[in-house]
Amino acid sequence: MATERCNKLDTMSSIEQRLADVNRRIRQAEQHYQRSAGSVRLLAVSKTHPAGAIREALRAGQHSFGESYLQEALLKIGQLHAEPIEWHFIGRIQGNKTRAIAENFQWVHSLESVRHAQRLNDQRPQDLAPLNVCLQIMVDEEESKGGVTPDQAQLLIAEIARLPRLRLRGLMTLPAPVQGVENQRVPFRHLRMLREQLKSTDLPLETLSMGMTDDLEAAIAEGATIVRIGTAIFGPRQTKT
Ligand SMILES: *Cc1c(COP(=O)(O)O)cnc(C)c1O
């Protein structure tokens, strides 16, 4: 019992420490790449990690969490319903399973079809604020990672922007992993340039959701406003994702 409590405390403090390290990395990258202080938000990606790990991050001041698997996410959202958490859905939207997303999340980063956009719009409860959404873009032709091609984006954006229960915030990408900051910057630069082409006064598309544990500096260099970090905060995942 005593050892159990001791081990638990160890794990807990490491999440707090790692969170502080990640926040430090973000602040340093902001400075290094002449981004304004506080312009990059941290989304803590808690997929595969239990509610207890989220609670610990919460206690350390982190309030936005990202989840990829709907069933697992709903379980944790239920367990943590009393906590002040902003939930972001970042996984593939499966078939017609949009209602639970519309009812339980504040953000969806992984929108890639008008059909899903319409369903989320229709299913968003009236007593909740419009659902914040990002359109996921495939910037490097790596099909397995999902998203629409840059060519398709303009048409989709026009259609999504018309839906009153969605608020189109910007673009998201999940490029294939590559080594070295300069290589990592290439797809992120493409996303930033695409945003410049697509934005308008009515639709600033201010959000660029890009950057994970291994490439957050490259993403911040290219204008990320939300970085999605899992491993560096919660440690390695058991299940393959
Ligand atoms: C898992 C995941 C992340 C976090 O990845 P890490 O490398 O663990 O930081 C970010 N974005 C998406 C879409 C993910 O699925």
Crowding at CD, Glu206 (>12 non-hydrogen neighbours, <6.0 Å): yes
Shortest non-hydrogen separation from Met138 to Gly146 and the atoms involved: CB-O, 3.8 Å
Ring geometry between Phe234 and Phe65 (parallel below 30°, tilted from 30 to 60°, perpendicular above 60°): tilted
Min side-chain heavy-atom separation Arg192-Leu208 under 4.5 Å: yes
For a quick test of your reading: what N or O donor-acceptor pairs under 3.5 Å do the side chains of residues 126-134 make, sequence neighbours left out?
{"from": "Asn132", "atom 1": "OD1", "to": "Arg169", "atom 2": "NH1", "distance (Å)": "2.8"}
{"from": "Asn132", "atom 1": "ND2", "to": "Gln106", "atom 2": "O", "distance (Å)": "3.1"}

Salt-bridge contact Asp122-Arg119 (side-chain N to carboxylate O under 4.0 Å): no
Closest non-hydrogen atom pair between Glu103 and Pro125, with its separation: CG-CG, 3.8 Å
Sidechain N-carboxylate O distance under 4.0 Å for Arg92, Glu112: yes
CE on Met193 to CG on Leu198, rounded to 0.5 Å: 12.0 Å
Ser64 versus Leu42, closest heavy-atom pair with distance: CB-O, 4.2 Å
Flag, side chain of Asn121 to backbone of Ala117, donor-acceptor distance under 3.5 Å: no
Between Ser46 and Glu67, a side-chain donor and acceptor under 3.5 Å: yes
Heavy-atom check, side chain of Ile226 versus side chain of His109, under 4.5 Å: yes
Between CG on residue Leu205 and CD on residue Glu196, distance to nearest 0.5 Å: 9.5 Å
Least distance between heavy atoms, Leu174 atom then Met212 atom: CD1-SD, 3.3 Å
Non-hydrogen side-chain atoms of Leu43 and Ile90 separated by less than 4.5 Å: yes
Other residues, nucleotides, ligands: >12 heavy atoms within 6.0 Å of Asp214 CG: no
Side-chain touch Ile54/His49, heavy atoms, less than 4.5 angstrom: no
Rounded distance (nearest 0.5 Å) linking atom CD of Glu56 with atom CD of Gln62: 12.5 Å
Distance, nearest 0.5 Å, that separates CG of Leu191 from OG1 of Thr173: 5.5 Å
His190 side-chain N/O to Arg185 backbone N/O, donor-acceptor pair under 3.5 Å: no
Residue Gln79 excluded, over 12 heavy atoms near CD under 6.0 Å: yes
Polar side-chain atom of Gln238 near backbone of Thr48 as donor-acceptor pair, under 3.5 Å: no
For Arg165, salt bridge (charged side-chain N to carboxylate O under 4.0 Å, His left out) partners two or more places apart: none
Considering all heavy atoms, the nearest Leu70-Ala100 contact: CD2-CB, 4.1 Å
Non-hydrogen side-chain atoms of Leu120 and Leu111 separated by less than 4.5 Å: yes
Neighbour count above 12 (heavy atom, 6.0 Å) for Gln154 CD: no
Any donor-acceptor pair under 3.5 Å from Arg228 side chain to Ser209 backbone: yes
Tyr33 OH to Glu222 CD distance, which is reported to the nearest 0.5 Å: 9.0 Å
Sub-4.5 Å side-chain heavy-atom contact between Ile137 and Pro150: yes
From Gln123 atom CD to Thr98 atom OG1, the distance as rounded to the nearest 0.5 Å: 3.5 Å
Closest approach of Ala224 to Val40 (non-hydrogen atoms, all atoms of both residues): O-CG2, 3.5 Å
Results of salt bridge (charged side-chain N to carboxylate O under 4.0 Å, His left out) for Arg41 - residues two or more places apart only: Glu86
Phe89-Leu171 co-clustered via ILVMFWY side chain contacts under 4.5 Å: yes
Residues Glu16 and Arg59 bridged, charged N to O under 4.0 Å: no
Check: Val108 and Ile93 side chains under 4.5 Å, non-hydrogen atoms: yes
Hydrophobic cluster membership, Tyr69 vs Trp107, 4.5 Å side-chain cutoff: no
